[in-house]
Amino acid sequence: QILSLGAGFDSLYFRLKDVGLLRHTVVYEVDFPNVACQKATLIKRMKELSALVGDTGGEGLGAITFSGEDYKLLGVDLSELSELERTLEEAGLNNEIPTLFIAEVVLTYMENTRSDALIQWAAEHFPQACFLVYEQVHPEDPFGCVMQQHFSQLNCALRSLAQYPDCEAQQRRFLGKGWTDCSVMDMNEFFTCCIPEDEQQRVQTLEPFDEYEEWHLKCSHYFVLAASKGMEPSWTPLLPSMTVPRHAGPVGMAGSVPAAVCARLSGSPGLRRYGHHSVLIKPGVILTTGGFGEENGQHCRMRNFHVLSKLAGYWKAVCVTQNIPDKRWGERLYHTVSCLSDTLALVVGGRTSPSSPGLGMLWLKFPKTCNASDPDDVSVEPVSLQPAAEAAASRWRHSTTEMTFKGEQYLFVYGGRSALEPVLGDWYFLHTPELSYTAIAVEGPVPESRHSHSACSWEGGVLIAGGLGAAEQPLGSVFLLRELEHGFQWQTIETHPPLVPRYSHTAHVHEGKLLLVGGVWFHASSVPGITVIDLMTGLCLDYVVNVEHLEWPLMLHNHSSVFLPNEKELLVIGGGGNCFSFGTHLNPEPVALSLSSILIS
């Protein structure tokens, strides 16, 4: 028998019955009396549902709002155990046969003493049983704070999180309440390990999808737990269908980096956004373009450019008018911007939606005097590309990096996504300034295809770190594209301890050290802060971001960052996302991260 606790309007019984999977099984559903009555009324009104249930001789008797041969709907408060037990007995529940309990985001809404009592009651009264739970976890990190705020606004506080904040605490909870076996995993691990590969592929091709960060963050904040007792042999449904290497999280934090809101920048116009790009166009002047964010109180794709400049020691932001006669900017996200001089930058790729990429390349031209006090127009002009180079511009979530070969300047376009390929591993050398495609020999092991990685110029070559691979798993590899006499060579940079796989981070190089900023990883007990990799020794150190002086959760994904070497400071601009469950969450203001304590010369 199956006992669904807090079943609500779940259609599980009807779906299983319709495909013949409920032979010799009775389903009992329990929820508040008003919910059970509404559901019973719906079932009676719908011929298809009534036909599946069959004859209902006992409907409407007290707390039993609907009763079929193999389906019982009960209106009882789960916190009233004596009433629950009496009603289940009246409905015909048999304690001596194998029983499956299901609680899908139910226990967390109850007071802990009452939900604990329910878990223990089930263990004590059913000799052969399994208990499946699905609910939230990790309340204290930035995404967890957004999640909690969402449920608080719905007047549905998540009461179990304070006492049971992670998977390990939930496992101890069930083992301590009479269950003999218990396995638990978050939904990232569940999707990867327990969902058959063909089903994963079916889901991934249902519709164009590009909200990886919010999907993986949400999955890291929900878990599925299976506890059992009296099952011979010992049984759990959480058996991986495939073996996926589990990456350990950070060995330990080497220290912390203080975060502070930039003074006098409160309410900066247009800097609440994600999927944008920020570039230092000259010392003390930053240009931010594109993305999705907030403008004039509305959430939208951002058409306006914004200039952030440092004047008299303080940052100032202004909106810059674009000179775009035919609207060719295209409201793009996940593009790149490379500054080629103090008056010229190149935009490569990007998309409006996952089904509308192919935005090409654009020149951005601005006067030498461009800053926040004198925000001249930025003119946008199309780039005429050779046919061989057009594929370089038809992508997003890629990287574009300045590099040199035989003393000549090139841009190296690598990886990303396209409308045809969910992940790319190709690259293009574009000679500047005319952007002609150039074939240059590259040897060595080719890196795994990836998008949402980071790329930095270093010693004439390019450093590639992290990213999301073809299996939609974060990558922990670091590669250097190193110049040789006749071309380039891919070279792996070994890190120790190994770099925790991540994507949607940003990166910078300073005095032989690679700085990785934020990102998303599947190790959910902490969030990525600053990782410093010594490129000479491979030493990899993780630092937590100290956010005690911020009044809002700092989202370090889908952001942009600019490194200011003289100040040894990182400026984080924007960041966040648009979660299908919890709404849009954006960093409201730019944040300065002081690295002076960890970048000691």
**Request:** Apply side-chain contact (heavy atoms from CB on, under 4.5 Å) to Glu472 and Gln204, showing your working.
**Result:** CA-CA 10 Å; Glu472 294 190 5; Gln204 289 160 0; 3.5 Å; yes
Could you pull out the closest heavy-atom pair between [X] and [Y], with the gap in Å?
X      : Y      : value
Gly349 : Leu359 : O-CB, 4.4 Å
Pro354 : Asp210 : CG-CB, 3.7 Å
Thr401 : Cys456 : CG2-C, 3.6 Å
Val545 : Ala259 : CG1-CB, 3.8 Å
Asn188 : Cys219 : OD1-CB, 3.2 Å
Pro590 : Ile573 : CB-CG1, 4.5 Å

**Item:** Worked check of side-chain contact (heavy atoms from CB on, under 4.5 Å) between Leu362 and Leu346
**Value:** CA-CA 6 Å; Leu362 297 172; Leu346 178 70; over 6 Å; no
Any donor-acceptor N or O pair under 3.5 Å, side chains [X], [Y]:
X      : Y      : value
Ser220 : Asp186 : no
Ser353 : Arg301 : no
Thr531 : Asp542 : yes
His559 : Thr506 : yes
Thr289 : His277 : no
Ser418 : Arg395 : no
Asp141 : His221 : yes
Arg273 : Thr288 : no
Glu213 : Ser504 : yes

If I take atom [atom1] from residue [X] and atom [atom2] from residue [Y], how far apart are they, to the nearest 0.5 angstrom?
X      : Y      : atom1 : atom2 : answer
Leu468 : His451 : CG    : NE2   : 4.5 Å
Trp363 : Thr343 : CH2   : OG1   : 10.5 Å
Cys540 : Leu516 : SG    : CG    : 7.5 Å
Cys167 : His138 : SG    : NE2   : 5.5 Å
Trp552 : Gln149 : CH2   : CD    : 13.5 Å
Phe366 : Ser341 : CZ    : OG    : 6.5 Å

**Asked** Among His453, Glu448, Glu494, Arg450, whose side chain to side chain donor-acceptor pair (under 3.5 Å) with Ser477 holds?
**Response** Arg450
Evaluate the side-chain proximity of [Y] to [X]: yes if any heavy-atom separation is below 4.5 Å, no if none is.
X      : Y      : result
Pro553 : Val146 : yes
Val517 : His508 : yes
Lys310 : Pro283 : no
Ser399 : Ile464 : yes
Val544 : Val257 : no
Asp342 : Ile281 : no
Val337 : His335 : yes
Phe190 : Phe223 : no

**Request:** Determine whether more than 12 heavy atoms belonging to other residues, nucleotides or ligands lie under 6.0 Å from atom CD of Glu104.
**Result:**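 12 or below, so no.
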**Request:** Could you walk me through whether Val347 and Leu364 pass side-chain contact (heavy atoms from CB on, under 4.5 Å), step by step?
**Result:** CA-CA 7 Å; Val347 178; Leu364 302 183; 3.6 Å; yes
Any donor-acceptor N/O pair, [X] side chain to [Y] backbone, under 3.5 Å:
X      : Y      : result
Ser561 : Leu571 : no
Arg114 : Ser79  : yes
Trp458 : Leu480 : no
Arg397 : Gly350 : no
Asn558 : Tyr274 : no
Asp534 : Leu539 : no
Gln148 : Pro139 : yes
Lys568 : Leu599 : yes
His505 : Ala465 : yes
Thr108 : Val105 : no

**Request:** Measure from NZ or CZ of Lys218 to the centre of the six-membered ring of Phe582 and say whether it is under 6.0 Å with the direction within 45° of the ring axis.
**Result:** yes
Do the two ring centres, one from [X] and one from [Y], sit under 6.0 Å apart?
X      : Y      : value
Tyr503 : Tyr212 : no
His398 : Tyr334 : no
Tyr222 : Tyr134 : yes

**Request:** Run the numbers on Asp116 and Tyr164 for side-chain contact (heavy atoms from CB on, under 4.5 Å), then give the verdict.
**Result:** CA-CA 11 Å; Asp116 285 347; Tyr164 305 110; 2.9 Å; yes
**Request:** Apply ring-ring contact (aromatic ring centres under 6.0 Å, His included) to Phe522 and His216, showing your working.
**Result:** CA-CA 8 Å; Phe522 284 6; His216 289 140; 4.7 Å; yes
**Request:** Mind telling me whether Phe143 and His585 have parallel, tilted or perpendicular rings, with 30° and 60° as the class edges?
**Result:** perpendicular
**Asked** Under a 4.0 Å N-O cut-off, is there an ion pair linking Glu168 with Arg173?
**Response** no
**Message:** As a test of understanding, state which of Glu135, Glu189, Met187 forms a side-chain contact (heavy atoms from CB on, under 4.5 Å) with Val224.
**Reply:**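 Passing option: Met187.
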